[in-house]
Amino acid sequence: MGIKGLTKLLADNAPKAMKEHKFESYFGRKIAIDASMSIYQFLIVVGRVGTDTLTNEAGEVTSHLQGMFTRTIRLLEAGIKPVYIFDGQPPELKKQELAKRFSKRADATEDLSEAREIGNKEDIEKFSKRTVKVTKQHNEDCKRLLRLMGVPVIEAPSEAEAQCAALCKSGQVYAVASEDMDSLTFGAPRFLRHLMDPSSRKVPVMEFEISKILEELNLIMDQFIDLCILSGCDYCESIRGIGGQTALKLIRQHGSIENILENINKERYQIPENWPYEQARELFKNPLVFSEKEHPEIKWGAPDEEGLITFLVNENGFNIDRVTKAIEKIKTAKNKSSQGRLESFFKPVANTSTPIKRKETSESAKETAIKKAKAAGGKKKK
DNA sequence: ACTCTGTCTCAAGACGAA
DNA sequence: TTGAGACAGAGT
DNA sequence: TTCGTCC
């Protein structure tokens, strides 16, 4: 779930800390990406018609491979150097949350068989999406694929998001790309949202810098973490009746959760029993991650052409022409970006963030989108 | 009236031929 | 899974 | 731009 409402909270209270950037401006940059999140999305959506997905001869799902393959090529073609981070063991505190998700999936499985009996297509599709789970096998498949592509893979000891943030803190990558706002709470200095979107949608890449967020909110990192816990995170409950806005007010007023608890009206606000906010804070502040020396060196290599053909074509039924063409793309992209990042390419574009709201009424949605795109494009340079 | 929270719903990739 | 948007209801 | 296909 990430941090509840954090995007909106930042848009309202720290708009200058968010900047729009062009996808192309990340040429030559090393970017850390949480793999599980992507795999999950691919399994849900790639090639799905009803309950069917893309599969190989043996009937095993290949949607995640198709998705990971094409997306990674897109990144490489843009000159981006991705490194994928895989999840390890979840922390104890998150187990409760995971248990909830597990039972939801179980419910969905029941709903699914019910829907099957009735034969409602839409329901079948809806419920089957909810039963999707990223398995060990999916993860292993993707690791193998990425290694064959010459793209580095890191297996985190615990939370992938935390490992991503650590890589960014130590300067091994330029930024963390994710849709999960947790990255900021883990202290990723530079965080990108919607990195993958701009191709098909009109959403620009949104870049957050934690230092600017802290500056603009006038908080120190510890207070920001407390703010996130109060707003609602994966590790523990929050206080009913307190959302982002109120949390920010309270943190500004009292400085820490401890002080808030001392001063708050406990008649009005129910503090959860045995509230483990201190442990949650510790998980954000000092998460279990590998240091630079503890994980393999991050290197981008040449693709293993034979290996890719064996894996994708022979084992998973991919079309050989497509794979061959794709390999060519990888090689071309590699040559182009091997000189690294030309700084002259990268003119600092001073663009301010635009608060994102604006309601679109039914039919004019398309038009509005076009107008927006034009307006944004025109404003950027002057 | 206004602000905030909580609950519900929805949609979700990438490509290229037409 | 994730966020966002629309809505209702509670509190100020 | 839209729509069907990828496996």
Side-chain angles (χ1 to χ4, degrees), chain A residues 1-12 34-49 52-75 77 87 94 97-98 100-102 104-105 108 122 125-126 129-134 138 141 160-161 178-183 193-203 206 230-232 234 238-249 265 268-269 311-323 325-326 329 356-362 365-366 369-370:
Chain A
M1 222 161 113
I3 308 300
K4 205 182 289 173
L6 186 56
T7 316
K8 192 168 182 300
L9 191 70
L10 293 180
D12 292 344
D34 174 0
S36 311
M37 195 88 264
S38 318
I39 297 173
Y40 183 79
Q41 311 274 27
F42 296 144
L43 287 176
I44 282 181
V45 83
V46 175
R48 173 178 290 270
V49 180
D52 296 336
T53 52
L54 306 182
T55 53
N56 60 18
E57 291 265 296
E60 295 157 340
V61 181
T62 54
S63 292
H64 56 308
L65 293 173
Q66 173 73 22
M68 186 64 85
F69 192 50
T70 51
R71 173 173 290 181
T72 304
I73 287 171
R74 246 191 79 210
L75 291 171
E77 286 190 296
D87 273 313
K94 203 171 181 176
E97 179 68 25
L98 293 176
K100 266 190 226 158
R101 290 178 193 173
F102 182 82
K104 271 191 193 166
R105 245 195 329 266
E122 282 164 27
E125 175 155 351
K126 189 169 72 186
K129 280 183 183 174
R130 287 189 201 161
T131 61
V132 167
K133 181 180 190 300
V134 179
H138 297 138
D141 289 345
E161 291 290 348
S178 171
E179 295 312 305
D180 194 337
M181 299 294 286
D182 281 13
S183 302
R193 267 189 109 199
H194 303 144
L195 180 67
M196 312 309 177
D197 289 9
S199 69
S200 45
R201 355 196 104 257
K202 56 279 161 182
V203 189
M206 195 58 87
L230 286 170
S231 299
D234 280 352
S238 52
I239 301 169
R240 172 164 256 261
I242 294 181
Q245 216 55 40
T246 312
L248 180 57
K249 227 174 279 170
N265 178 345
R268 187 116 68 80
Y269 296 111
F311 183 43
L312 293 179
V313 179
N314 300 347
E315 293 177 30
N316 286 289
F318 278 55
N319 177 297
I320 186 153
D321 292 335
R322 285 180 209 272
V323 174
K325 269 188 209 153
K329 282 190 186 174
I356 332 98
K357 37 169 195 243
R358 212 158 315 180
K359 286 155 206 165
E360 305 190 340
T361 40
S362 51
K366 278 182 218 160
I370 293 166

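Remember, it's a predicted structure, so these values are computed and weren't measured experimentally. Reminder, nothing fancy here: chain letters follow the sequence lines and each chain counts from 1.
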Taking C:dA4, B:dA14, B:dT7 as options, the one with an atom nearest any side-chain atom of A:Arg193 is C:dA4
Tell me the interatomic distance from A:Arg322, atom CZ, to B:dA14, atom C1', rounded to whole angstroms.
11 Å
Between C:dT1, B:dC4, B:dG13, which nucleotide gets closest to the side-chain atoms of A:Thr246?
B:dC4
To the nearest Å, give me how far apart NZ (A:Lys129) and C1' (B:dA12) are.
7 Å
4.5 Å side-chain heavy-atom contact, A:Gln66 and A:Phe318:
yes
Run the side-chain contact (heavy atoms from CB on, under 4.5 Å) check on A:Met37 and A:Glu179 step by step: do they pass?
CA-CA 9 Å; A:Met37 195 88 264; A:Glu179 295 312 305; 5.5 Å; no
Round to a whole Å and report the spacing from NZ of A:Lys249 to P of B:dC4.
5 Å
Between B:dG13 and C:dG5, how far is it from one P atom to the other, in whole Å?
16 Å
Can you tell me how far P in B:dA11 sits from the matching atom in D:dC3, rounded to whole Å?
15 Å
Testing B:dG13, C:dT1, B:dA14 for proximity to the side chain of A:Met37, the answer is C:dT1
Within-4.5 Å side-chain heavy-atom neighbours: A:Thr53 and A:Val46:
no
Ignoring the backbone of A:Thr62, work out which of B:dA14, D:dC7, C:dT1 is nearest its side chain.
D:dC7
Return the value, rounded to whole Å, for the distance between atom CD of A:Glu179 and atom C1' of B:dG13.
13 Å
Given D:dC7, B:dC4, B:dA14, identify the nucleotide with an atom nearest to the side chain of A:Gln66.
D:dC7
When rounded to whole Å, the CG to P distance for the pair A:Leu43 and D:dC7 reads 16 Å
From C-beta outward on A:Arg240, which listed nucleotide comes closest to its side chain: D:dC7, B:dT7, B:dA14?
B:dT7
Given 3.5 Å as the limit, does a donor-acceptor pair link the side chain of A:Asp180 with the main chain of A:Asp182, or not?
yes
I want to check one thing: is the phosphate of B:dA12, taken as OP1 and OP2, less than 4.0 Å away from some side-chain N or O of A:Arg130?
no
Given 3.5 Å as the limit, does a donor-acceptor pair link the side chain of A:Arg48 with the main chain of A:Ser63, or not?
no
Within the pair A:Arg268 and C:dT12, is there a side-chain N or O less than 4.0 Å away from OP1 or OP2?
yes
Describe the nucleic acid contact of A:Ile242 in one word from base, sugar-phosphate, nothing, applying a heavy-atom distance below 4.0 Å.
sugar-phosphate
With no hydrogens and no angle check, do the side chains of A:Ser36 and A:Asp87 hold a donor and an acceptor under 3.5 Å apart?
yes
Please figure out whether A:Ile44 or A:Lys8 has its closest DNA chain C nucleotide nearer the 5' end.
A:Ile44
Say whether, by atom type as modelled, one donor and one acceptor occur between the side chain of A:Thr72 and the main chain of A:Phe69 under 3.5 angstrom.
no
Identify whether any heavy atom of A:Tyr40 sits under 4.0 Å from a base atom; if not, whether one sits that close to sugar-phosphate; answer base, sugar-phosphate or nothing.
base
Using atom P of each nucleotide, how far apart are B:dA12 and D:dG4 to the nearest Å?
15 Å
Applying a 4.0 Å non-hydrogen cut-off, can you work out what A:Ser38 is touching in the nucleic acid: base, sugar-phosphate, or nothing?
nothing
Please confirm whether the shortest side-chain N or O distance from A:Thr7 to OP1 or OP2 of C:dA4 is below 4.0 Å.
yes
Measure from CD on A:Glu161 to C1' on C:dG3 and round the result to the nearest Å.
14 Å
How long is the line joining CG of A:Leu65 and P of B:dG13, in whole Å?
18 Å
Roughly, in whole Å, what's the span from CG in A:Leu9 to P in B:dC4?
10 Å
So A:Gly47, base contact, sugar-phosphate only, or nothing? Heavy-atom distance under 4.0 Å.
base
Step by step, work out the side-chain contact (heavy atoms from CB on, under 4.5 Å) result for A:Thr7 and A:Arg193.
CA-CA 10 Å; A:Thr7 316; A:Arg193 267 189 109 199; 3.2 Å; yes
Could you identify which residues of residues 53-61 of chain A place a heavy atom less than 4.0 Å from some atom of DNA chain D, listed by residue number, or say none?
A:Leu54, A:Thr55
Using a cut-off of 4.0 Å on non-hydrogen atoms, how would the nucleic acid contact of A:Gly5 be classed: base, sugar-phosphate, or nothing?
nothing
Contact between A:Ile39 and A:Met68 at the side-chain level, heavy atoms closer than 4.5 Å - yes or no?
yes
Consider the side chain of A:Arg74, meaning its heavy atoms from C-beta on, and name the nucleotide among B:dC15, D:dC7, B:dG13 that approaches it most closely.
B:dC15
